Each structure stands twice: as C-alpha cells, then as structure tokens.
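Only this structure's heavy atoms are used, side chains among them; waters, hydrogens and symmetry mates stay out. Worth saying up front: this structure is predicted, and the values here are computed from it rather than measured.
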There are 2 protein chains.
Amino acid sequence: MNMPRNAPTGFSIGQLARSSGVGVETIRYYEREGLLPAPRRTLSNYRQYGQDAADRLGFILHAKELGFTLEEIRRLLHLSTNARTDAGTFHELALEKVRWIDERIASLQQMRKLLSDAVEACPGHGADKSECPILALFREGTHAKAERSMK
Amino acid sequence: MNMPRNAPTGFSIGQLARSSGVGVETIRYYEREGLLPAPRRTLSNYRQYGQDAADRLGFILHAKELGFTLEEIRRLLHLSTNARTDAGTFHELALEKVRWIDERIASLQQMRKLLSDAVEACPGHGADKSECPILALFREGTHAKAERSMK
DNA sequence: TATAACCCCGTAGCTTACTACAGAGTCAAG
DNA sequence: CTTGACTCTGTAGTAAGCTACGGGGTTATA
C-alpha cells in the first residue's frame, strides 16, 4: 500500500474511504462542507487521519442512514461535542425526524393505495386502454372516482 | 383580466397556470421538456391554450402526485395517445411504481423503527447526553445494539 | 395616457449530495 | 528508472424540477 514514509500512524484518505465505504471525493467534500475537520498533513501534503476522524465519518454515515441531511448532521455533530447539550436536545430532534418520516410514509401510502387499487381493477393485457383505471387516474385525477362511477 | 383581443377562445399561460395551480414558469418548462406541445400563438405572440392543453397538464400533475417522474410521465403521455397501447402496458408500469413505492416505504419504516425505539429509550431533558441512545445510534451505527448491551 | 399587470425569450441559479475532471506532485515496487 | 497507483488543488458537471432575472413588448383599467 502507498503510505508516505513520514506517517508512522494514521491512514490516508484512500484508506479511510475504503474502510468506511465511501469515495475519496466524498471525504474531501465533507471536509469542504465542514462536516469533517481539516486533518493534519504529511510532509508531502497528504491528508492523515486518525481514529477520531474515522469515528466522526461513521457518525455522519449512520445519521445519514437515519434520514438526516448533511445540514442537520452538521448540527448533530456540533451538539454531540457541546458540553451543554443534554439528552433532551437529541430527543427533540429525533422526534422531529420521526414525524417527518411519518409524513413521507403517509404520502407514499396514499400513492400506493390509489395506484394499487387501480392496478387491481385493471383488466391488463389485451384490454383496450379505454378500460384501464390507471389511465383514468392520470386523466381524471385522484379525486374523480365518484364522478366516474356516476356515469 | 388581460386577454389579447385576438383570442376569441382559449386561455393565456397565466390563466392556465392559475387554474391548474402551477406557476407560469413551470408550464414553459414543461413545454421546453416536451411534456406539453408548443401551443398556437396570438398575433402578439402570446401562448394560447385550449382544453386539450389543460387536460394534458392535468394528466402530468396527477401522474406526479402518483409518484411518477417527468421522464416517466413523458412516456405515459406518449403511450396514452398511441393506438397500439393496451391496458397491460399501464398495468406493468403502475405495478413497477407500486413496487418502487413499497421499497421506499420499507426503507423509511426501518429508519423510523430505529429512531423511534431510541427516542422511547431516551431519558430526555435533564439527562446527560452520555445516556442518550439516539446519540449512541449516531456514534455506533444501527448494528451496534448487541455490542453495546454486552458491556 | 399612465400605470399595473401580463406576456415574450434566453440564460442562469437553486437544491442536495456528490462525482468528475485537469494538471500536477508523490510513492512503492519491479 | 519507469510504471502505476495514489494524492493534491480548483473548478465544473450531474440529477430532478423548477425558479429567477434581465430587458423588452402588450393589454386592460383608471
């Protein structure tokens, strides 16, 4: 592996990238965005990371998996290292995110119901598209069911 | 209202926008993207729309509500005016979208479970953040539960 | 007739989270 | 000593779906 001679400890950006499963460019991007601190450099100006950086990157990736945006993660990171932050702060932020997730799920479930009801009612292959309730949904919208059944 | 004199019938872009609840720029954008056909023009070069355009715009907006992208909608519009398209085609495309919706819901539900479990277990205001399971989730990831309970 | 409100076109900017260059320097292995 | 893999910086491009802006012409209303 390519390790600069003057790096008795720590990993290169490539090693950090591979071990965390992201791209090198992503790490540099997080640094530019202030999510990762500028690491120290070797004599040849290569970035040199320690476990702290790997942990912080893990934090970012875990929070991302939980639905937080990078902007929110910036705040979470700041809070996590602030002595005056208590558990209540995270409780609030997480609850807010749970509610946001619930909204998204509800919206998707509504889409799903409308679409799958139409799919079930669709005669399928061979039938003319004039008999397709999916196409009717596109043409008449999601609130046109009553109108259609009145014909 | 501002209607050009030489427009005995049809609506202006602003009227179409208001009646469909989108912005004027959005309609021009859909036209550029080939979702709406270039309408005829008044002598003063104003776009002049008829019911057909309003219907087509409705189709686009309904399909958007159902989770289709503009690219997919372009295809749906084309299919809907193609004589050789049968109900089976829409059945397939809608089923594919339902499955995509299911994936998104599943992913959100996983996030929701991890987060809300941690929220429930979080002591909240007053407790030190070292006791916050939400923060632990960020630090140790979503697969670290077993490890933590082994301490 | 003045003014507000509308319309035209073309281009550029916004959002989020990257991803891809170009052109240069550095490092380990054969 | 060359090759190839790695790293550096800075800038620009991508996706999707708009949204805004500048600089003009048009129309309805008071």
Taking the inter-plane angle between the rings of F138(A) and F59(B) on a 0 to 90° scale, is it parallel (under 30°), tilted (30 to 60°) or perpendicular (over 60°)? tilted

Check: S116(A) side chain, V119(A) main-chain N or O, donor-acceptor pair, under 3.5 Å: no

Nearest whole angstrom, please: distance from the P of dG25(D) to the CG of L43(B). 18 Å

Send over the distance from Q15(B) CD to dC7(C) C1', rounded to a whole Å. 12 Å

Tell me whether the side-chain N/O atoms of Y30(A) come closer than 4.0 Å to OP1 or OP2 in dA17(C). no

Does a side chain donor of either H62(A) or E140(B) reach within less than 3.5 Å of an acceptor in the other side chain? no

Atom pair distance, as rounded to whole Å: CD1 in I73(B) and C1' in dA16(D): 12 Å

Atom CG of L70(B) to atom P of dA15(D): distance rounded to whole Å? 14 Å

Separation of dC6(C) C1' from L16(B) CG (nearest whole Å): 15 Å

Nearest-angstrom distance from the residue atom CD of E72(B) to P of dA15(D): 15 Å

Take G14(A) and Y29(B), find for each the nucleotide of DNA chain D with the closest heavy atom, and name the residue whose nucleotide sits nearer the 5' end. G14(A)

Encode nucleotides 8-13 of chain C as B, S and - characters from 5' to 3', where the letter depends on protein heavy atoms closer than 4.0 Å: B to the base, S only to sugar-phosphate, - to neither. SS----

Under 6.0 Å from the six-membered ring centre of F90(A) and within 45° of its axis: does the NZ or CZ of K129(B) meet both? no

Before accepting this row, confirm whether a basic side-chain N of the pair K113(B)/D117(B) lies closer than 4.0 Å to the acidic partner's carboxylate O. yes

CA sep, side-chain torsions, deciding dist, call: D102(B), R112(A), salt bridge (Lys or Arg N to Asp or Glu O under 4.0 Å): CA-CA 8 Å; D102(B) 284 344; R112(A) 204 219 117 96; 2.6 Å; yes

Spacing of I27(A) atom CD1 relative to dC18(C) atom C1', expressed in whole Å: 13 Å

Short side-chain N/O contact from T26(A) to OP1 or OP2 of dA17(C), under 4.0 Å: no

